[in-house]
There are 2 protein chains.
Amino acid sequence: MVTIRDVAKESGFSSTTVSIVLNDAPLARYIPVVTKKRIERAAEKLGYRPNQFARSLRSKRSHTVGVMVFDMTDPYCTLVLRGIENTLYQASYLPILTDVHNERSRFERYLEMLLDRRIEGLIVLANWLFLDINLLADLEKSSIPTTLIGCELKGDSMSSVIVDNEVGGYAALEHLHSLGHRKIAFIRGPKTLADSSPRWRGIRKCTKERGLDIDNQLVVDLPDSRDPLSSFEAGQKLTEEFIKQKREFTALLAFDDMTAFGAIRALDKHGWRVPERCSVTGFDDVAASALCTPPLTTIRQPMEAMGAGAVGIVLEGINSVLEKREVAAQHRKVAPQLVVRDSTRKAG
Amino acid sequence: MVTIRDVAKESGFSSTTVSIVLNDAPLARYIPVVTKKRIERAAEKLGYRPNQFARSLRSKRSHTVGVMVFDMTDPYCTLVLRGIENTLYQASYLPILTDVHNERSRFERYLEMLLDRRIEGLIVLANWLFLDINLLADLEKSSIPTTLIGCELKGDSMSSVIVDNEVGGYAALEHLHSLGHRKIAFIRGPKTLADSSPRWRGIRKCTKERGLDIDNQLVVDLPDSRDPLSSFEAGQKLTEEFIKQKREFTALLAFDDMTAFGAIRALDKHGWRVPERCSVTGFDDVAASALCTPPLTTIRQPMEAMGAGAVGIVLEGINSVLEKREVAAQHRKVAPQLVVRDSTRKAG
DNA sequence: TCCCGAAGTTCGATTTAAATG
DNA sequence: GCATTTAAATCGAACTTCGGG
């Protein structure tokens with residue numbers, strides 16, 4: 001491996017000068033162009049690449065950000081990760097990806113590993129259940145800029161980027177209502193999930209504004225679970241129960257896309273064609289929603305932008321600590337967007 | 001930050017002794033238990049965590065593996081990444097994730113960044129088009145243990161893990177044939193894609209063994225493209241052309257799941273119900289295949305196992321270079337598996 | 001000779017302080 | 001004092017060598 005000393009020897013200058021020149025440090029102002037040229041040529045010739053370990057040891061910087069996903073297999077992750085990666089790339093940071101598999105022990109172990117690597121920032125993708133408040137305590141004391149995606153934590157120790165669930169819930173119901181649907185079934189999110197209640201609040205807001213009645217017999221909750229696939233199965237089962245109980249409805253508003261997929265499966269099984277016999281809406285707009293037939297009408301979370309936003313906040317935080325500024329946590333709530341596809345149509 | 005010297009001071013021993021004890025180095029045999037206890041207690045008390053930069057600088061090891069994905073948004077990635085992550089975790093390695101977005105410049109930049117970080121191994125997920133042989137040359141000279149997933153490169157500089165496309169192609173057609181289908185349409189992979197021809201070879205093998213005729217009018221190729229979504233669109237378009245040309249077929253064998261989704265969309269649009277009027281098979285078994293309705297019959301690539309296998313090979317390689325052993329590249333070909341769901345059924 | 005522990009060197013780059021003409 | 005260059009200290013851990021009992 002060629003070191004700075006090799007370049008010094010080759011160029012005939014000291015390693016100090018080489019360092020100053022190659023880093024274009026302030027002192028480089030005083031160094032004549034010929035010297036610079038000679039040093040640069042020598043570095044080039046030898047193919048010199050500075051050792052990052054030595055550099056980091058000295059500067060205490062890693063140019064690395066930790067990314068912690070709670071369950072990689074959740075389709076929600078993909079685009080968020082893309083947004084994170086792309087924004088880090090622009091800033092010449094590299095991400096260390098960890099997947100805690102919804103396990104506490106794994107979370108703790110990974111957190112220690114990341115801290116040991118002196119990550120300069122941390123992004124946590126708390127996509128699904130994230131019950132354990134104690135975990136967050138561990139995070140708070142880590143004192144590095146941290147941003148949560150998909151889960152808000154009041155207070156100014158940790159930033160967050162979440163979707164505006166209320167607006168999304170409202171938009172979903174508004175869409176169905178304006179298509180003429182009046183008898184609508186609802187599969188709400190799990191009670192312990194933070195997204196569930198604001199999403200429902202948006203729905204209630206819409207019913208009030210539009211004078212729509214909700215039949216309590218047509219409202220069910222997804223059970224608590226840490227497995228993203230479970231909402232598919234639960235969606236299927238709950239929809240099947242609606243049908244077996246001979247409930248009448250012309251549309252079904254599902255908590256998320258997975259639930260909607262499960263619901264569609266159940267409807268299909270009982271000969272209820274979508275959208276002819278029953279319209280279905282989801283939430284998230286995961287990749288599969290555009291791929292399946294009929295493609296799903298859903299509320300899109302701007303996932304790539306959310307990932308990018310989280311990185312932006314973390315990068316700001318990093319710069320703040322470098323300049324010893326104090327910066328309060330940011331809490332961004334981004335607007336979702338109704339995406340109309342073919343799983344919904346006019347009632348009747 | 002608490003250093004080893006702080007622990008030395010606190011415990012009353014030298015930093016040498018502290019290092020020996022905390023790392024349980026060979027010399028630790030000679031150190032009395034009381035000394036060890038005192039040192040461990042001091043370290044505990046101060047919350048000492050060794051500085052990884054210093055450690056890496058000395059040991060020249062990073063305990064880090066680079067993971068290079070060609071397009072993160074390809075649904076194929078998710079499970080492979082999970083397999084990679086999980087296996088690295090067991091071995092206490094951390095992955096740096098990079099997504100080259102199918103761009104050459106990005107590939108080169110990321111490769112340099114990873115090399116600068118002194119990654120000990122590299123895993124490349126060449127899921128989709130990976131035409132540029134020159135890129136591989138860059139990789140070869142990097143001289144760190146490298147494994148390609150989804151693309152084989154003969155020679156012993158780089159290992160690979162691929163699915164047995166021939167077996168998969170064979171299994172797909174065998175399934176359709178044994179359901180009684182005789183008029184089958186085929187959407188083959190892009191000509192430039194390495195997977196395409198062995199998959200087709202498997203299909204031809206099956207036709208020969210079973211005496212099945214293939215109508216050349218019912219065989220088309222996916223166009224070349226770097227975008228994974230394009231195979232959805234192409235699948236849709238090509239299927240539509242089959243229909244418009246009034247070709248008769250009772251089953252369609254698609255190159256991959258994305259293509260199959262596109263085909264199903266086209267069939268549905270023209271009132272050809274799946275599977276009643278036409279059976280459809282895919283290849284890969286991406287997450288969406290189990291979620292859509294009808295769920296897709298497909299050939300599953302054991303993606304998680306492939307990711308795990310690639311890590312295994314890389315880890316072996318790392319150990320080999322540590323022990324200065326020479327180890328030839330491995331080329332693993334894993335068997336795919338037919339997954340029968342509801343998009344196929346008996347003909348007639 | 002055997003055990004235990006410490007002093008000093010090394011890894012490679014950055015930076016401070018200081019020496020040249 | 002100015003422009004130009006450099007010796008030496010530093011970052012934190014690990015390993016080699018050596019000395020005392």
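Order of the sequence lines fixes the chain letters, A, B, ..., with proteins taken first and strands second; residue numbering starts at 1 for each chain. Scope of the values below: all heavy atoms of this structure, side chains included, with no hydrogens, waters or symmetry mates.
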- Taking only residues at least two apart or on different chains, which pairs with a member in residues 34-63 of chain B satisfy ring-ring contact (aromatic ring centres under 6.0 Å, His included)? His63(B)-Tyr93(B)
- Mind checking salt bridge (Lys or Arg N to Asp or Glu O under 4.0 Å) for Lys324(B) and listing every partner two or more places apart, or none if nothing turns up? none
- What string of B, S and - do you get for nucleotides 12-21 of chain C, 5' to 3', when a contact is any protein heavy atom under 4.0 Å? BBBBB-----
- Let me know the distance between OH of Tyr30(A) and P of dG1(D), rounded to the nearest Å. 14 Å
- Task: Please work out if Thr35(A) contacts a base, only the sugar-phosphate, or nothing of the nucleic acid, heavy-atom cut-off 4.0 Å.
- Result: sugar-phosphate
For residues 28-46 of chain A, dump all side-chain donor-acceptor pairs below 3.5 Å to protein atoms at least two apart in sequence or in another chain.
from: Lys36(A); atom 1: NZ; to: Ala28(A); atom 2: O; distance (Å): 3.3
from: Lys45(A); atom 1: NZ; to: Glu10(A); atom 2: OE2; distance (Å): 2.7

- Figure out the CG/P separation between Asp6(A) and dC11(C), and round it to whole Å. 11 Å
- Message: How many whole angstroms separate atom CG of Leu22(B) from atom P of dG5(C)?
- Response: 14 Å
- Contacts satisfying salt bridge (Lys or Arg N to Asp or Glu O under 4.0 Å) that involve residues 76-102 of chain B (not counting sequence neighbours) are Asp71(A)-Arg82(B), Arg82(A)-Asp99(B), Asp99(A)-Arg82(B), Arg106(A)-Glu85(B)
Throw together a table of side-chain donor-acceptor distances under 3.5 angstrom for residues 312-320 of chain A, partners on residues two or more places apart or in other chains.
from: Glu316(A); atom 1: OE1; to: Gln330(A); atom 2: NE2; distance (Å): 2.9
from: Asn319(A); atom 1: ND2; to: Leu315(A); atom 2: O; distance (Å): 3.3
from: Ser320(A); atom 1: OG; to: Glu316(A); atom 2: O; distance (Å): 3.0

- Determine the sole option in Ile149(A), Asp74(A), Leu148(A), Val67(A) for which the side-chain contact (heavy atoms from CB on, under 4.5 Å) test with Leu125(A) is passed. Ile149(A)
